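Just below is one structure, and these are the notes that go with it.
A quick note: this is a predicted structure, and the numbers were derived from the prediction, not measured. Numbers restart at 1 for each chain; the letters A, B, ... are given by sequence-line order, proteins then strands.
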Number of protein chains: 2
Amino acid sequence: MKKATPGELLRQHGLKVTSTRKDVLDALIMARKPIAAEALQDALGKNADIATIYRTLQTLVSKGLVYQTNFRDRKAHYEYQEKHHHHVVCTECGTREETKLCIDAKKLARTFTNFRTLDSHVLEFFGVCNKCTT
Amino acid sequence: MKKATPGELLRQHGLKVTSTRKDVLDALIMARKPIAAEALQDALGKNADIATIYRTLQTLVSKGLVYQTNFRDRKAHYEYQEKHHHHVVCTECGTREETKLCIDAKKLARTFTNFRTLDSHVLEFFGVCNKCTT
DNA sequence: ATCATAAATGCGAATTATTCGCAATTAGAA
DNA sequence: TTCTAATTGCGAATAATTCGCATTTATGAT
Ligand SMILES: [Mn+2]
Ligand SMILES: [Mn+2]
Ligand SMILES: [Zn+2]
Ligand SMILES: [Zn+2]
């Protein structure tokens, strides 16, 4: 199957297809990394309203199309998530690397917690990348 | 060895021992769970200045005495961390459970990333606790 | 014990990210 | 095409956190 367009993705998730939504989702897909709301606005060429962008992001997150992370920073970052994954972030230069490493939350819930199931998890690693380790 | 007092802890980390610092650290130790800056101020009986509390928290975090988490919420939470651990949070009622489960970041860095070492990581689980699963 | 000095505090004002209220617009169903 | 609920745009409002600066305080040296 070929990759779905932003419009199709929105429709698949039962969302009205508006141009802001298409643009935001498209920008997120292009970015291929976590990006903050304001940076997203810049990427869109300033034509979109910031409140609308925030509302759009909330919607996309609620549908699971986009993953929201609150790093140590105080602003939220949003990433289009075609496939679940995590990041390793360099605390010196901000370089971000994707990692396939994950954890089996289902098994884990039984072994290590009293919850029957775990719906989601946040996992981020911090270190100094090889370039910054002189 | 018996448990160190807040004052001793501060001294051990090369920090000036002030009453706000002792109070904040003490409150965090008592709380035994992540707590936000303002809640901390309440716990301290309103006598401490919020800007000072924030500065104190930054300091404690920088020394590794306290662990800062930015959940999905927009406010940061701080927890005294005698021993590294993570949480399982119920998205219905907010119940928070500690879990011993962790990951071996050293081994991991070699296997799954290009970083030589990983200094820290954030790991939080979200689900619905048994009480909320009617 | 007193002093000197850098560090910490308190206060108010400033910033920053995010949300809200509401009138105007628009997507999609009928 | 028409109708209506959902979405947008704008500006103003919130909420969390930080900043500037004058004042106080902890601690090391005398
Ligand atoms: Mn990624
Ligand atoms: Mn804990
Ligand atoms: Zn995962
Ligand atoms: Zn861990």
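Heavy-atom contacts of chain B under 4.0 Å fall on DNA chain C between two terminal nucleotides, which in 5' to 3' order are C/dA6 to C/dT19.
Using a 4.0 Å cut-off on heavy atoms, the residues of residues 11-27 of chain B that approach DNA chain C are B/Lys16, B/Thr18, B/Thr20, B/Arg21, listed by number.
With contacts defined as side-chain heavy-atom distances shorter than 4.5 Å, the pair B/Thr117/A/Val128 does not qualify. Side chains of A/Leu28 and A/Glu79 form no contact here, defined as non-hydrogen atoms less than 4.5 Å apart. Counting heavy atoms from C-beta outward, A/Gln81 and A/Leu65 have side chains that stay 4.5 Å or more apart. A heavy-atom distance below 4.5 Å is found between the side chains of B/Leu57 and B/Leu40.
Counting any heavy atom pair closer than 4.0 Å across all strands shown, B/Ala36 reaches no nucleic acid atom.
Atoms CG (B/Asp49) and C1' (D/dA22) sit 14 Å apart, rounded to a whole Å. B/Lys75 has its NZ atom 12 Å from the C1' atom of D/dT14, to the nearest Å.
Pairing each heavy atom of B/His85 with each of B/His87, the nearest pair is NE2-NE2, 3.3 Å.
Between the side chain of B/Asn70 and the backbone N or O of A/Arg74 there is no donor-acceptor pair closer than 3.5 Å.
With sequence neighbours excluded, the residues forming a ring pair (Phe, Tyr, Trp, His ring centres under 6.0 Å) with B/His86 are B/His84, B/His121, listed by chain and number.
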